[in-house]
**Q** 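Would you mind keeping the following structure in view while I ask a few things?
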Amino acid sequence: MKRRSLFKSAAAAVALSALIASPLATAQEKFTLRLAETWGPNFPIFGEATKGMAKMAEEMSDGRLRIRIDSANKHKSPLGVFDMVKAGQYDMGHSASYYWKGKVPNTLFFTSMPFGMTAQEQYAWFYYGDGMDLMQEVYEPHNMLSFPGGNTGIQMGGWFRDEINSLEDLEGLKMRIPGFAGEVFAEVGVNPTNIPPGELYTALERGTIDAVEWVGPALDLRLGFQQIADYYYTGWHEPATELQFLINKDVWEKLPKDLQQILRVAMRTAAYDMMIQSVHENAKAWASITEEYPNVKVKNFPDEVFQAMVEANEKLLKEAAEGDELAAKIIESQEKYLKDARAYIDIADRAYLNNMAEVD
């Protein structure tokens, strides 16, 4: 399948050592890019991804490419990253694509979709399927490039003050949940809202919201939701939550080709590292929660609720496809890739885990 050369990066690392070693490289112009991130200063995992990317880019370029990171406390607009990078106030951004659905609805497809691909399936779709080209088709009119920026893996379904036993329990419930999943929940009676990360604990504690979906044990534990809500529901809504690196296209085109390649490799490596760090940190955090907070009960949504969400998701996807040619193309691509990839996952990963569950 033909892909734009802009995003071909699998062979990039092979050429880097020669580029860096070249005496011409050290004599060339130096670039400093400013990056705005949605997260606060020293935010775990997410913030480490941006710092790791910047460090790699500087070292691989022998100091020719430096990236200065401004966290949300600095630029004061955690959900304004899209606009700031588009306008050129910042050269780069680190956020999540589905935050921009109110501005550009088709951006939400590139974070994670309910009942969709897992992280490994979605990365395969991005880099070996149509994902990168389709994402650029969405961001092109806004003079930006978007690259995968780190994956959390399957996210938990959220913290609830009260147990969910039926669809009636969702009626009127106020919940922080962004993206397409928020629209699905709205279909079954929930009042979804999006709140910046730094305000989530206070909103749940004060009853501004009744439930909160954030990420998973590693980041949820740090925010303290387990001190307020007892019911921790398993995930369905974000099976492969991918963050993003945004880059102003004018800035990108001013970079020399070797620095573009270095930046590609740094972003891709930082994204991979965030995914495996998420696995590590979630395992540690979940062990802490089970030991220190015996009040926490892990629950699956009742069959009635789960089925209603599946049907709502299908209805919304159909409506999106009918009303937007590009949305239809993205949805078709994702559904076909998931079908093909999952057929193999079923006889590999799923079979392995099922077999291991039978081992004493």
**Q** Say whether Glu121 and Thr118, considering side chains only, have a donor N or O and an acceptor N or O under 3.5 Å apart.
**A**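 Result is yes, a qualifying pair exists.
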**Q** Could you tell me whether Lys254 atom NZ has more than 12 heavy atoms of other residues or ligands within 6.0 Å of it?
**A** no
**Q** Which heavy atom of Thr234 sits nearest a heavy atom of Val298, and at what distance?
**A** CG2-CG1, 3.8 Å
**Q** Locate the shortest heavy-atom distance separating Ala36 from Val81; write the atom from each residue and the value.
**A** O-CG1, 3.7 Å
**Q** Quick one: does any side-chain atom of Glu242 pair with a main-chain N or O of Gly150 as donor and acceptor, under 3.5 Å?
**A**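 Yes.
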**Q** May I have the step-by-step check of ring-ring contact (aromatic ring centres under 6.0 Å, His included) for Phe82 and His142, ending in yes or no?
**A** CA-CA 9 Å; Phe82 180 101; His142 304 280; 5.4 Å; yes
**Q** Testing Tyr233, Tyr293, Tyr232 for ring-ring contact (aromatic ring centres under 6.0 Å, His included) with Trp159, which one passes?
**A** Tyr232
**Q** Do Lys329 and Glu137 sit within salt-bridge range, that is, some charged N less than 4.0 Å from a carboxylate O?
**A** yes
**Q** Kindly state each residue pair satisfying side-chain hydrogen bond (donor to acceptor under 3.5 Å, both in side chains) with at least one member in residues 270-291, sequence neighbours excluded.
**A**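 Output for this query lists Glu48-Gln277.
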**Q** Which class fits the ring pair Tyr123 and Phe126: parallel under 30°, tilted 30 to 60°, perpendicular over 60°?
**A** tilted
**Q** Verify the distance criterion only: is there a donor paired with an acceptor across the side chains of Ser95 and Trp100 at less than 3.5 Å?
**A** no
**Q** Check Ser71 against Glu37 and note the closest heavy-atom contact, atom names and distance.
**A** OG-OE2, 2.6 Å
**Q** Checking Lys299 against Tyr231: charged group under 6.0 Å from the ring centre and within 45 degrees of the axis?
**A** no
**Q** Answer yes or no: is there an ion pair linking Arg64 with Asp258, defined by an N-O contact shorter than 4.0 Å?
**A**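 A salt bridge is present here (some side-chain N lies under 4.0 Å from a carboxylate O).
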**Q** Test the Arg222-Tyr201 pair against the cation-pi criterion, namely NZ or CZ under 6.0 angstrom from the six-membered ring centroid and within 45° of the ring axis.
**A**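 Verdict for Tyr201: no cation-pi partner in Arg222.
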**Q** Give a yes or no on whether a salt bridge exists between Arg161 and Asp230, defined as a side-chain N under 4.0 angstrom from a carboxylate O.
**A**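 A salt bridge is absent here (no side-chain N lies under 4.0 Å from a carboxylate O).
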**Q** According to a 4.5 Å side-chain heavy-atom criterion applied to Ile, Leu, Val, Met, Phe, Trp and Tyr, with indirect links allowed, do Val279 and Trp214 form part of one hydrophobic cluster?
**A** no
**Q** According to a 4.5 Å side-chain heavy-atom criterion applied to Ile, Leu, Val, Met, Phe, Trp and Tyr, with indirect links allowed, do Ile345 and Met275 form part of one hydrophobic cluster?
**A**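 They do not share one cluster, since no chain of ILVMFWY contacts under 4.5 Å joins Ile345 to Met275.
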**Q** If you count every heavy atom of other residues, nucleotides or ligands that lies below 6.0 Å from Asn354 atom CG, does the total exceed 12?
**A** yes
**Q** Under 4.0 Å between a side-chain nitrogen and a carboxylate oxygen: does that hold for Lys249 and Glu140?
**A** yes
